[in-house]
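What follows is a set of notes on a single structure, which appears directly below.
Worth knowing before you read on, the calculation uses all heavy atoms, side chains too, and leaves out hydrogens, waters and symmetry mates. From a predicted model like this one, the values you see are computed outputs, not experimental measurements. Below, read A as the first sequence line, B as the second, and so on, with proteins coming before strands; counting in each chain starts at 1.
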There are 2 protein chains.
Amino acid sequence: MADINFSTRPDSPDSRAPEPQAAAADERPLRWDIIELLFFAYRDFVGDADHELEAFGFGRAHHRVMHFVTRYPGLKVADLLEVLRITKQSLGRVLKQLLDEGYIVQKTGNNDRRQRLLFATAKGEALVAKLAGLQTRRIDRALEQVGPAGADKVRQFLRAMIDRDDPDKVLEAIFKTPVTTAKE
Amino acid sequence: MADINFSTRPDSPDSRAPEPQAAAADERPLRWDIIELLFFAYRDFVGDADHELEAFGFGRAHHRVMHFVTRYPGLKVADLLEVLRITKQSLGRVLKQLLDEGYIVQKTGNNDRRQRLLFATAKGEALVAKLAGLQTRRIDRALEQVGPAGADKVRQFLRAMIDRDDPDKVLEAIFKTPVTTAKE
DNA sequence: TCAGAAACGTCAACATGGCTGACATAAATT
DNA sequence: AATTTATGTCAGCCATGTTGACGTTTCTGA
């Protein structure tokens, strides 16, 4: 307890900037509020799943793989690498576990027999649905605060935050659907 | 190239769920769209900073510490631990580097001499401002898509996504300020 | 006043999940 | 037949999280 010396900058530790650091040219106000809100919102958002994943002995890496394989059945290994932006070796590690434990199955490509198409098993789908349920509860609560029109604004904002140059297949699919689901 | 066997579930790999998995009781629609938008938006959002940090030999952990120390001068070590939700040992590692390289300075607490209050140096503030500038550019672009009213909806949404039980000091400060900055 | 608690630092060891480089195999392509 | 592509895998490194233990300084309460 005692004192809350918080944000009460004491007798300046003398090594701090006396002047605004040369370039006063780029005087755009910084979006401190949104930056911090994104940090905390995302932290708690993924925290929902993290907690549950421990019970399965999985981590975030497993969740990401399971999520996209479940949502986009038939995803190739190469597709997954693009979406997750990790290396083959990193993916291999978690993918192997998910295959071994029966959360995902592979199927040789029909047209190109080199490909391994990935599919979630019932067990895998159940896990993803459970985790998505937790996150949905949080999202629903938050969307209630802004109403149906606000929800579309949120979707528009999030879409605009994403890089559009050279999108992977999953992103293409996401941007193909219109933003207004508008049936709330 | 060749075929895009994407999302065209082939002759079902037979281990997939035939039925919707018992409990049809919790039939809330899942927010797949928001879940995925958050994933991609946050990935690209932090990606802005990640790239720049490499040039300094720092990682995300350093960025997080620098950010909160800069934004909330005089933060105690214990405060930082609460905000970042990491252990003393993890924090110690990156904090030591930032102190050694002159991005942060410590000052013994006035009231309680056990405390080490943290302050960013000019060098540290410059780094944080540079990174925030990159992220601000992305945020500005995205907020333009939704207008001033939409921006407030976005802020409301993000705030509502954050856990409010037992908030740390930084969160208290954030939630103390009203949502409507409304001067865009 | 003095015992205990609090704030902080640190050592050692370990886990997860990124990374690079190298190499192998099967299948497609040219 | 030679090459390229899609995938898998081995070995090792790095960043950043973890637990457990222990030491010092300083504050606090009986």
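- B:Arg93 comes within 4.0 angstrom of a nucleotide base, judged by non-hydrogen atoms across all strands.
- Proximity note for B:Lys76 (side chain, C-beta onward) versus D:dA6, D:dT16, C:dC8: the nearest is C:dC8.
- Of the residues A:Asp100, A:Val94, A:Leu99, A:Leu98, the one that meets the side-chain contact (heavy atoms from CB on, under 4.5 Å) test with A:Lys96 is A:Asp100.
- Relative to the six-membered ring of A:Phe175, A:Arg164 meets both conditions, a distance below 6.0 Å and an angle of at most 45° to the axis.
- At D:dG8, one or more side-chain N or O atoms of A:Gln106 fall inside 4.0 Å of OP1 or OP2 (strictly under the cut-off).
- Separating the CG atom of A:Leu91 from the P atom of C:dG18 is a distance of 9 Å, rounded to the nearest angstrom.
- Between the CD atom of A:Glu54 and the C1' atom of D:dT19 there is a distance of 13 Å, rounded to whole Å.
- Aromatic ring centres of A:Phe58 and A:Tyr103 lie closer together than 6.0 Å.
- Closest to the B:Arg64 side chain, of the nucleotides D:dT16, C:dA27, D:dA21, is D:dT16.
- Taking atom CZ on B:Arg116 and atom P on C:dA6, their separation rounds to 18 Å, with Å as the unit.
- Put simply, CG on A:Leu158 and NZ on A:Lys153 are 13.5 Å apart, with the number rounded to the nearest 0.5 Å.
- The distance from atom NZ of B:Lys88 to atom P of C:dA12 is 16 Å, rounded to the nearest whole Å.
- Distance from the side chain of B:Val94 is smallest to D:dT16 among D:dT26, C:dG9, D:dT16.
- In this structure, B:His62 atom NE2 and D:dC14 atom P are separated by 15 Å, rounded to whole Å.
- With C:dG18, C:dG9, D:dT18 as the candidates, the nucleotide lying closest to the side chain of B:Ser90 is D:dT18.
- The nucleotide whose nearest atom lies closest to any side-chain atom of B:Gln89 is, among C:dG18, C:dA22, D:dT18, D:dT18.
- Rounded to an integer number of Å, the gap from CD1 of A:Ile86 to P of D:dT7 is 14 Å.
- Set against D:dT9, C:dT10, C:dG17, the side chain of A:Ala61 has C:dG17 as its closest nucleotide.
- In this structure, the side chains of B:Leu81 and B:Thr87 stay at 4.5 Å or more apart for every pair of heavy atoms.
- Side chain of A:Arg113, nearest nucleotide from C:dA27, D:dG8, C:dC19: C:dA27.
- Looking at which nucleotide of DNA chain C each of B:Lys96 and A:Gln97 is closest to, the 5′-most match is held by B:Lys96.
- The separation between A:Lys107 atom NZ and D:dA6 atom C1' is 16 Å, rounded to whole Å.
- B:Asp112 has its CG atom 19 Å from the P atom of D:dT24, to the nearest Å.
- Summarising the geometry, atom CD1 belonging to A:Ile174 is positioned 8.5 Å from atom CZ belonging to A:Arg159; distances are rounded to the nearest 0.5 Å.
- Regarding contacts with the backbone of D:dT18, a side-chain N or O of B:Thr87 is found under 4.0 angstrom from either OP1 or OP2.
- Across all strands shown, A:Gly92 has no heavy atoms under 4.0 Å from either base or sugar-phosphate atoms.
- The side chain of B:Arg114 approaches C:dA6 more closely than any other nucleotide in the set D:dT4, D:dT16, C:dA6.
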